[in-house]
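Quantities reported herein were computed from a predicted structural model and do not represent experimental measurements. Note: hydrogens, waters and symmetry copies are ignored here, and every other heavy atom, side chains too, is used.
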Amino acid sequence: MSLSSPIDLHCHSLVSDGALRPQHLVQHAAEHGIRQLALTDHDSIDGLTEAREEAKRLGLDFINGVELSVLWQNKTLHIVGLNFDPAHPQLLQVLDTLQSTRQERAERIAHKLEQAGVVRPLQRAREQAGSGQITRPHFARLLIEDGLVSDFKQAFKRYLGAGKPAAVKTHWIELSTAIETIHAAGGLAVLAHPLRYKLSGAWRERMYQAFVEAGGDGVEVSAGPSQQPHDLALSTRDALKHGLLASMGSDFHSDAQAWIPYGRLQPLSTQLTPIWTRFDS
Ligand code: AMP
Ligand code: MN
Ligand code: MN
Ligand code: MN
């Protein structure tokens with residue numbers, strides 16, 4: 001059975017924590033059989049113009065996207081916005097706020113990492129990120145380079161993850177603000193990778209309820225990385241229960257990260273309504 005899917009509505013470029021520039025990400029997607037693609041960088045839409053131009057050249061259907069960081073009940077959630085007007089003032093203002101929050105957070109993380117023995121963390125993270133957003137994976141790379149950990153997983157487990165020495169509390173935007181802003185810009189709001197927040201069943205249910213109450217539209221039912229059939233069944237059930245549209249996205253960052261091979265997401269159940277049926281292009 002082929003698991004190839006021609007649609008990917010969640011991936012990253014070096015505008016945030018991905019490895020490829022937007023143009024090359026689109027080429028990579030095309031080479032892997034993707035026909036409809038959304039670029040969803042963390043808290044930035046700076047890659048959309050370049051990606052759209054390349055998609056046009058290659059004949060891919062390109063959807064504007066972004067992955068917004070949200071603080072809900074003291075937990076960070078990710079809300080993917082799809083098919084919005086990238087010039088909408090409210091969206092631009094919220095992105096500006098999130099980017100300032102990211103910068104301040106980077107300074108606080110860097111301070112803690114310096115104490116843990118990382119050399120010039122803020123400057124080096126900034127050099128790596130270039131004009132893009134500084135993310136925790138940038139700091140993870142420094143921890144590896146300086147020999148404090150052997151891989152990304154250890155960097156999060158020992159330093160950057162919640163409750164670890166270089167973790168910082170970050171006041172991202174409210175869930176309702178994220179959804180309202182995506183709607184104001186004419187887009188659809190998707191709860192990203194619902195099973196990656198390490199929530200109990202009761203908390204997951206609360207998250208879905210809050211998302212629906214705030215007007216959320218869809219959920220990533222088919223999600224990378226390495227989603228198991230059991231997870232697909234669980235998210236299918238949750239989407240149906242809460243009347244949500246279904247999205248599909250690999251969360252691709254780079255070929256180096258041993259996640260799912262690109263373009264091989266599990267297909268959606270025919271019981272679900274795919275979110276892309278609501279894109280009017
Ligand atoms: P940030 O938004 O700056 O907190 O960075 C979050 C990103 O870090 C996620 O989108 C993932 O790409 C990456 N990430 C989070 N947890 C891990 C982990 N345990 N191992 C590797 N990468 C991770
Ligand atoms: Mn990421
Ligand atoms: Mn995410
Ligand atoms: Mn992502």
Cluster link Leu234 to Met207, ILVMFWY, side chain under 4.5 Å: no
Gap separating the CD atom of Glu220 from the CG atom of Leu245, nearest 0.5 angstrom: 13.0 Å
Candidates Leu25, Ile63, Val15 - the one meeting side chain to side chain contact (heavy atoms under 4.5 Å, CB included) with Leu39: Leu25
Leu9-Leu195 co-clustered via ILVMFWY side chain contacts under 4.5 Å: no
Residues Glu145, Val118; criterion side-chain contact (heavy atoms from CB on, under 4.5 Å); working and verdict: CA-CA 9 Å; Glu145 278 175 17; Val118 179; over 6 Å; no
Side-chain heavy atoms of Thr177 within contact of Val70, under 4.5 Å: no
Side chain to side chain, Gln115 and His111, heavy atoms closer than 4.5 Å: yes
Side-chain heavy-atom pair Leu77, Trp172 within 4.5 angstrom cut-off: no
Leu122 side chain reached by Glu107 side chain, heavy atoms, under 4.5 Å: yes
Asp251 and Arg196 ion-paired at < 4.0 Å: yes
Minimal non-hydrogen separation, Pro194 against Ser235, with atom names: CG-OG, 3.7 Å
Close side-chain approach of Ile34 to Ile7, heavy-atom, < 4.5 Å: no
Note: Glu127-Arg120 ion pair, threshold 4.0 Å (strictly below): yes
Leu244/Tyr208 under side-chain contact (heavy atoms from CB on, under 4.5 Å): CA gap, chis, key distance, verdict: CA-CA 10 Å; Leu244 290 166; Tyr208 271 102; 3.7 Å; yes
Arg136 (side chain) donor-acceptor with Phe156 (main chain) under 3.5 angstrom: no
Where at least one partner belongs to residues 152-166, residue pairs that pass side chain to side chain donor-acceptor pair (under 3.5 Å), sequence neighbours excluded: none
His193-Glu67 side chain donor-acceptor pair, cut-off 3.5 Å: yes
Side-chain donor or acceptor of Glu50 paired with backbone N/O of Gln23 under 3.5 Å: yes
Heavy-atom donor-acceptor pair, Ser16 side chain to Asp41 backbone, under 3.5 Å: no
Full working for ring pair (Phe, Tyr, Trp, His ring centres under 6.0 Å) between Phe252 and His28: CA-CA 11 Å; Phe252 175 82; His28 188 267; 4.8 Å; yes
Hydrophobic cluster identity match, Val66 and Leu14, side-chain contacts under 4.5 Å: no
Residue pair Ser247 / His10, side-chain heavy-atom distance below 4.5 Å: no
Note, Leu98 side chain near Leu68 side chain (heavy atom, < 4.5 Å): yes
Distance (rounded to the nearest 0.5 Å) between Leu265 CG and Met248 CE: 5.5 Å
Non-hydrogen side-chain atoms of Thr181 and Ile173 separated by less than 4.5 Å: no
The single option from Arg102, Gln133, His12 passing side chain to side chain contact (heavy atoms under 4.5 Å, CB included) against Ser44: Gln133
Gap separating the CG atom of Asp217 from the OG1 atom of Thr273, nearest 0.5 angstrom: 12.5 Å
Heavy-atom closest pair, residues Val221 and Gln227: O-NE2, 2.8 Å
Any side-chain donor near an acceptor of the partner, Glu205 and Gln209, under 3.5 Å: yes
Stepwise side-chain contact (heavy atoms from CB on, under 4.5 Å) test for Leu58 and Gln27: CA-CA 8 Å; Leu58 296 174; Gln27 289 169 7; 4.0 Å; yes
Donor-acceptor contact below 3.5 Å, side chain His42 vs main chain Asp17: no
Parallel, tilted or perpendicular: rings of His78 and Tyr197 (30°, 60°): perpendicular
Separation of Asp151 CG from Ile144 CD1 (nearest 0.5 Å): 6.5 Å
Stepwise side-chain contact (heavy atoms from CB on, under 4.5 Å) check, Leu113 with Leu142: CA-CA 9 Å; Leu113 286 177; Leu142 302 183; 5.6 Å; no
Non-hydrogen atoms of Phe84 and Pro86 that approach each other most closely: O-CD, 3.3 Å
Asp8 side chain to His32 side chain, donor-acceptor N/O pair below 3.5 angstrom: no
Approximate separation, where rounding is to 0.5 Å, of Thr135 OG1 and His253 NE2: 7.5 Å
Under 3.5 Å donor-acceptor, Gln99 side chain and Asp43 backbone: yes
Minimal non-hydrogen separation, Glu54 against Arg57, with atom names: OE2-NH2, 2.7 Å
ILVMFWY cluster, Phe279 and Leu91 together (side-chain gap under 4.5 Å): yes
Asp61 side-chain N/O to Arg35 backbone N/O, donor-acceptor pair under 3.5 Å: no
Ion pair Lys56/Glu53, N-O distance below 4.0 Å: no
Nearest heavy atoms of Ala167 and Leu160, plus distance in Å: CB-O, 4.0 Å
Exercise: identify the closest heavy-atom pair between Ala246 and Leu268: CB-CD1, 3.8 Å
Inter-residue atom distance Asp238.CG - Phe211.CZ, 0.5 Å rounding: 12.5 Å
Arg237 versus Gln271, side-chain donor and acceptor atoms under 3.5 Å: no
Within one Ile-Leu-Val-Met-Phe-Trp-Tyr cluster: Val149 and Val119, side-chain cutoff 4.5 Å: no
Flag for Gln73-Arg206: side-chain donor and acceptor within less than 3.5 Å: no
